[in-house]
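One structure is given here, and the rest of the page talks about it.
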Protein chains: 2
Amino acid sequence: MGRGRVQLKRIENKINRQVTFSKRRSGLLKKAHEISVLCDAEVGLIVFSTKGKLFEYANDSCMERILERYERYSFAERQPVPTAQTSMGSWTLEHAKLKARLEVVQRNQKHYAGEDLESLSMKELQNLEGQLGSALKHIRSRKYQLMHESISMLQKKDKLLQEQNNQLSKKVKEREKELAEQNQETNSSSFVLPQHLDSPHLGGEAYDNGEVEGGNSQQETATNTVMPQWMLRHLNN
Amino acid sequence: MGRGRVQLKRIENKINRQVTFSKRRSGLLKKAHEISVLCDAEVGLIVFSTKGKLFEYANDSCMERILERYERYSFAERQPVPTAQTSMGSWTLEHAKLKARLEVVQRNQKHYAGEDLESLSMKELQNLEGQLGSALKHIRSRKYQLMHESISMLQKKDKLLQEQNNQLSKKVKEREKELAEQNQETNSSSFVLPQHLDSPHLGGEAYDNGEVEGGNSQQETATNTVMPQWMLRHLNN
DNA sequence: CCAGCTATATATAACGA
DNA sequence: TTCGTTATATATAGCTG
């Protein structure tokens, strides 16, 4: 949009980036509002600028409500709050401790996320770098493990399906044979059926969607050769 | 946009509303992505359709991280609330909330450290990988920034010291000259001192540790050419 | 950083398949 | 629901104040 085509890439010129951010931000907010009104949708939009400034949009219901709904939706594991009530006296102490711990952990987490690095010394930075590097190694290893599991499972299923296909192929053959015999009985003057329907390539590499005449429709739906969704889920989910 | 002008009002025709929702939703997500890339912003977008289906966008860092940042940001605004309440009942609530948050954050942190990855899906793993990658980039960038700062500071100091050395070198020369003249006055029969002590290469590129005879010891310690500890602190601390 | 302008790039409403 | 097409409506990049 605008005078020149734009590449989907970080705008290096700081001024331009800021101006574009301002303009596009208002555009985005407008669009968010429009879809919420036009389509009766609930929309929550959060934008942090590079410098950490917050901008947000939420339709009539406030952001908090949307976020709650979101968490409810995505994390059905809403933890039933662990309320082992200790004695009242130690509450304040407990509370303060908890707060302090939360702060420490959060500060740590920021560092893990590469934020607030100004307060760290060279040594600490190097430590952090090492930790993140090793974490990345673990994550990648886990990713490959997952992929391997999915692959071997798919291979298993593949084998199973091929066996099923072979059996069905046999059945189809038998049916055709029966049919041919019947035809010979009831109409002895007719020619023998040609053989070109014999092996419909079940179990081969290429399947086409053309229906195999002679198989009954129930079996056909039951043995659809298209991979069911649940088998692929592991790879994308 | 499109064939007809549109009113900012709920679309009554159900079909049209659904179609428009689908189209605008993808448009909105695209725009959100664009601004996040072009302007280096952190964007989180949550959309619930009328029928309650969830759609979301979050740039490289996952939605959870953005929401946490959001809560951290808006925490300040919500501060006055708990202090005003103060009834015992709300205290337990606060406490429970705090506890839950701590748990969430700690679980997150484990993931950042590459632990407890079994519960994560492929998509989440890839997100995490991206986050850690970007964090590492920030950390390395900060490291290099620190090193550059240290280097330029050292260069500055180096220049300063060289100037001091030059001045001191001059002084030494003068002293020697004075000494020579004194010697001539008090002992006119002695030879003139040889000149090989003249310029001990101060201000040149290479310094050796050989002491410069003739300088007085006080000045010598003051202008020690070994880098003082405070100058190196940035690099190791 | 905001407002306004203009030429273009994009988004999308209506429609058909 | 989704996809493609087309005519238009909008958004916005680059500039100027």
Side-chain angles (χ1 to χ4, degrees), chain A residues 1-59 73 208-211 221 224 226-233 235-237, chain B residues 1-59 73-74 77 123:
Chain A
M1 302 153 174
R3 299 288 179 101
R5 190 167 282 148
V6 95
Q7 304 239 359
L8 197 59
K9 187 190 158 195
R10 181 188 139 111
I11 298 172
E12 291 306 333
N13 182 298
K14 204 173 159 187
I15 304 292
N16 278 353
R17 176 152 28 99
Q18 170 54 38
V19 173
T20 293
F21 178 69
S22 174
K23 287 186 175 183
R24 277 180 177 260
R25 171 165 42 83
S26 69
L28 190 60
L29 262 58
K30 187 182 172 194
K31 291 259 175 219
H33 177 61
E34 285 178 355
I35 197 176
S36 83
V37 173
L38 290 173
C39 309
D40 195 25
E42 202 163 40
V43 178
L45 174 60
I46 295 171
V47 181
F48 283 101
S49 73
T50 310
K51 290 178 300 187
K53 198 167 176 187
L54 168 68
F55 303 86
E56 60 178 306
Y57 169 80
N59 56 313
Y73 194 104
D208 61 24
N209 249 345
E211 306 221 335
T221 33
N224 193 332
V226 171
M227 290 292 170
Q229 202 53 36
W230 65 265
M231 261 198 264
L232 299 170
R233 201 168 302 154
L235 282 174
N236 301 317
N237 186 4
Chain B
M1 307 154 173
R3 301 286 179 103
R5 190 168 282 146
V6 95
Q7 304 225 9
L8 197 60
K9 187 190 156 194
R10 181 188 140 110
I11 298 172
E12 291 305 334
N13 181 299
K14 202 175 160 187
I15 303 293
N16 279 352
R17 174 152 29 98
Q18 170 53 37
V19 172
T20 294
F21 178 70
S22 174
K23 288 185 174 182
R24 279 182 176 258
R25 169 164 44 83
S26 69
L28 189 61
L29 261 58
K30 187 180 173 192
K31 290 259 176 220
H33 177 62
E34 285 178 356
I35 197 176
S36 84
V37 172
L38 290 173
C39 308
D40 196 24
E42 202 163 40
V43 178
L45 173 61
I46 295 171
V47 182
F48 283 102
S49 72
T50 310
K51 290 179 299 186
K53 198 167 177 186
L54 167 68
F55 302 87
E56 61 178 306
Y57 170 80
N59 57 314
Y73 195 102
S74 59
E77 295 162 19
K123 208 171 202 168

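Chain letters run A, B, ... following the sequence lines, proteins first, then strands; residues in each count from 1. Note that these values count all heavy atoms, side chains included, but never hydrogens, waters or copies made by symmetry.
In the set D:dT2, D:dG14, C:dA11, the nucleotide with an atom closest to the side chain of B:S22 is D:dT2. Distance from the side chain of B:Q18 is smallest for D:dT1 among the nucleotides C:dA14, D:dT1, D:dT12. Of the listed nucleotides (C:dT10, D:dA11, C:dC1), C:dT10 has the atom at the smallest distance from the side chain of A:R5. The side chain of B:R3 lies closest to C:dA13, out of C:dA11, C:dC2, C:dA13.
When the side-chain nitrogen and oxygen atoms of B:K31 are compared with OP1 and OP2 of C:dT10, none of them lie within a distance under 4.0 Å.
With hydrogens and angles disregarded, no donor-acceptor distance shorter than 3.5 Å links the side chain of A:S36 to the backbone of A:A58.
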Between the protein and nucleotides 15-17 of chain D, which nitrogen or oxygen pairs are less than 3.5 angstrom apart?
none

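Side-chain atoms of B:H33 and B:N59, non-hydrogen and from C-beta on, never get closer than 4.5 Å to each other. No side-chain heavy atom of B:V47 sits under 4.5 Å from any side-chain heavy atom of A:L45.
Taking atom CD1 of residue B:I35 and atom P of nucleotide C:dA11, one finds them 14 Å apart after rounding to whole Å. The interatomic distance linking A:E34 (CD) with C:dT12 (C1') rounds to 11 Å, in whole Å. Per the geometry, CD belonging to B:Q7 stands 14 Å off C1' belonging to C:dA13, to the nearest Å. What separates CZ of B:F21 from P of D:dT1 is a distance of 10 Å, to the nearest Å. Rounded to whole angstrom, the span from the CG atom of B:N13 across to the P atom of C:dA13 amounts to 13 Å. The interatomic distance linking B:L38 (CG) with D:dA11 (P) rounds to 17 Å, in whole Å. The interatomic distance linking A:L28 (CG) with D:dT10 (C1') rounds to 15 Å, in whole Å. Counting to the nearest Å, the P atom of C:dC1 and the CZ atom of A:R24 are 18 Å from each other.
Among residues two or more places apart in sequence or in another chain, the side chain to side chain donor-acceptor pair (under 3.5 Å) test is passed with B:N16 by none.
Shown here for A:A32 and B:L28, the closest heavy-atom pair between the two residues is N-CD1, 3.7 Å. B:A41 approaches A:S49 most closely through the heavy-atom pair CB-CA, 4.4 Å.
Note: B:F21 CZ to A:D40 CG = 10.0 Å, rounded to the nearest 0.5 Å. From B:I35, atom CD1 reaches atom NZ of A:K23 across 12.5 Å, with rounding to the nearest 0.5 Å. Here CZ of A:R24 is found 14.0 Å from CZ of A:R17. Values are rounded to the nearest 0.5 Å.
Along DNA chain C, the nucleotide nearest B:N16 and the nucleotide nearest B:K30 are compared for position; the residue whose nucleotide lies closer to the 5' end is B:K30.
Taking five base pairs at each end of the helix from C:dC2-D:dG17 to C:dA17-D:dT2 and finding the rotation axis that steps the C1' atoms of four pairs onto the next four gives two axes whose angle is 40°, to the nearest 10°.
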